[in-house]
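First comes the structure, then the notes that go with it.
Any value given below was found using the heavy atoms of this structure, including those in side chains, with hydrogens, waters and symmetry copies removed. Numbering of residues begins at 1 and proceeds along the displayed sequence.
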Amino acid sequence: MDVTLRLAQDPAADELLGRSPLAALVGMLLDQQVPMEWAFKGPRTIADRLGTDDLDAHDIAARDPEAFTALLSEKPAVHRYPGSMAKRIQQLCQYLVEHYDGDASAVWDGVPTGAELLERLEELPGFGKQKAQIFLALLGKQLGVRPQGWREAAGAYGEAKSFRSVADITGPESLVKVRAHKQEMKAAAKAAKAAKG
C-alpha cells in the first residue's frame, strides 16, 4: 500500500494513511462523533506520540491500557472520547494480532469476493456494517483492493462518482461535497423523526 490519500487534509497524516494499512483502519475506527479530518489525523498523532514512524498492532495491543489512554488524552486529544477510543484501538490491535499476526493488510489481501471482505471487516472490533461498507468502498475506490463484487458489498458507498463518505474524499472539493451529503442525510433523518412525532 503506497498511495496518496487526502482524508486528513494534512500531508504528514495523509502520507501515513496511504502507506500503513493499520493507520487506515485506526483512522476509520476513529471516524465517529468528530470531524473526518480530525479522525484521520489521529493515527499520525498516535505514531508521533509513540515516537514511531508507523503504528504496530503488536506494540499497541501490549501497551498498558491506562498509559495508552493517557497518550490519546494529551492535548490536543486524539478524539472527543479518548478513553473509549483508546480501548477500541487496543481491542482492534489485539484482534489483528490474534487473527492476522498483527498484519492489518491480511484482512483484505487475497480475499476473493467483496461479500467475504465485508464479513471480515464486520468482524473487526468497532466496525459495524456501515463502517465496514465505507472502509470497503475506501479500499476499492482509492487503495486498489477490488475483489469480485466489492461495489455491491459496499452498498451505496461503492457507487461510482458518489460523495457519501470518506471513500469519496480526494481533496478539499470532494470533502465539501461529502460534508454536504452528510448534512442532507441528518436533516432528512431529523425531518422523518419529527414527522413520526
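A donor-acceptor pair is defined here as one N or O able to donate and one able to accept, closer than 3.5 Å; no such pair exists between the side chain of Arg63 and the backbone of Phe68. Proximity of a side-chain donor or acceptor of Arg179 to a complementary backbone N or O of Pro35 within less than 3.5 Å is not detected. Proximity of a side-chain donor or acceptor of Arg6 to a complementary backbone N or O of Asp14 within less than 3.5 Å is not detected. Side-chain N or O atoms of Gln142 include one that pairs as donor or acceptor with a backbone N or O of Ala167 at under 3.5 Å. Judged purely by atom type and a 3.5 angstrom limit, His79 has no side-chain atom pairing as donor or acceptor with the backbone of Met85. Proximity of a side-chain donor or acceptor of Asp59 to a complementary backbone N or O of Asp56 within less than 3.5 Å is not detected. Proximity of a side-chain donor or acceptor of Gln90 to a complementary backbone N or O of Ile60 within less than 3.5 Å is detected. Checked by atom type and distance alone, the side chain of Arg80 never pairs as donor or acceptor with a backbone atom of Val34 at under 3.5 Å. Within the 3.5 Å criterion, the main-chain N or O of Asp101 finds a donor-acceptor partner in the side chain of His58.
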(message) For Glu37 and Leu175: C-alpha separation, side-chain torsions, deciding distance, then whether side chain to side chain contact (heavy atoms under 4.5 Å, CB included) applies.
(response) CA-CA 9 Å; Glu37 309 93 301; Leu175 173 64; 3.5 Å; yes
(request) Take Lys177 and Glu173 through the test salt bridge (charged side-chain N to carboxylate O under 4.0 Å, His left out) and record every step on the way to the result. (result) CA-CA 7 Å; Lys177 290 179 183 178; Glu173 288 177 21; 5.6 Å; no
(request) Please lay out, stage by stage, how Ser162 and Lys141 fare under the test side chain to side chain donor-acceptor pair (under 3.5 Å). (result) CA-CA 11 Å; Ser162 66; Lys141 290 179 175 183; 3.3 Å; yes
(message) Checking Glu98 against Gln94 for the side chain to side chain contact (heavy atoms under 4.5 Å, CB included) test, could you report, in this order, the C-alpha distance in whole Å, the side-chain angles of both residues, the deciding distance, and whether it holds?
(response) CA-CA 6 Å; Glu98 192 177 321; Gln94 288 159 356; 6.0 Å; no
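Minimum interatomic distance between Gln91 and Pro125 (heavy atoms only, all atoms of both residues): O-CG, 3.7 Å. Across all non-hydrogen atoms, the minimal contact from Met28 to Val166 is SD-CG2, 4.0 Å. Looking at every heavy atom in both residues, Ala57 comes nearest to Gly102 through CB-O, 3.5 Å.
Between Glu15 atom CD and Asp10 atom CG the span is 10.5 Å, to the nearest 0.5 Å. Taken to the nearest 0.5 Å, the CZ atom of Phe127 stands 10.5 Å off from the CZ atom of Arg88. Atom CD1 of Ile46 sits about 11.0 Å away from atom CD of Glu74, to the nearest 0.5 Å. From Ile134, atom CD1 reaches atom CZ of Arg164 across 10.5 Å, with rounding to the nearest 0.5 Å. Atom CZ of residue Arg44 and atom CG of residue Leu17 lie 9.5 Å apart, to the nearest 0.5 angstrom. One finds the CG atom of Leu25 at 7.5 Å from the CG atom of Leu121 (value rounded to the nearest 0.5 Å).
Arg151 has no carboxylate O lying under 4.0 Å from a charged side-chain N of Glu159, or vice versa, which leaves the two without a salt bridge.
A ring-centre distance under 6.0 Å is not found for Tyr100 and Trp108.
Evaluated for a side chain to side chain contact (heavy atoms under 4.5 Å, CB included) with Val145, the options Leu117, Leu136, Asp109 yield exactly one hit, Leu117.
Side-chain N/O atoms of Ser105 and Asp103 include a donor and acceptor closer than 3.5 Å. For Ser20 and Asp54, the side-chain atoms include at least one donor-acceptor pair closer than 3.5 Å.
Using a 4.5 Å cut-off on side-chain heavy atoms (C-beta onward), Thr45 and Leu72 make no contact. Using a 4.5 Å cut-off on side-chain heavy atoms (C-beta onward), Pro43 and Leu30 make contact.
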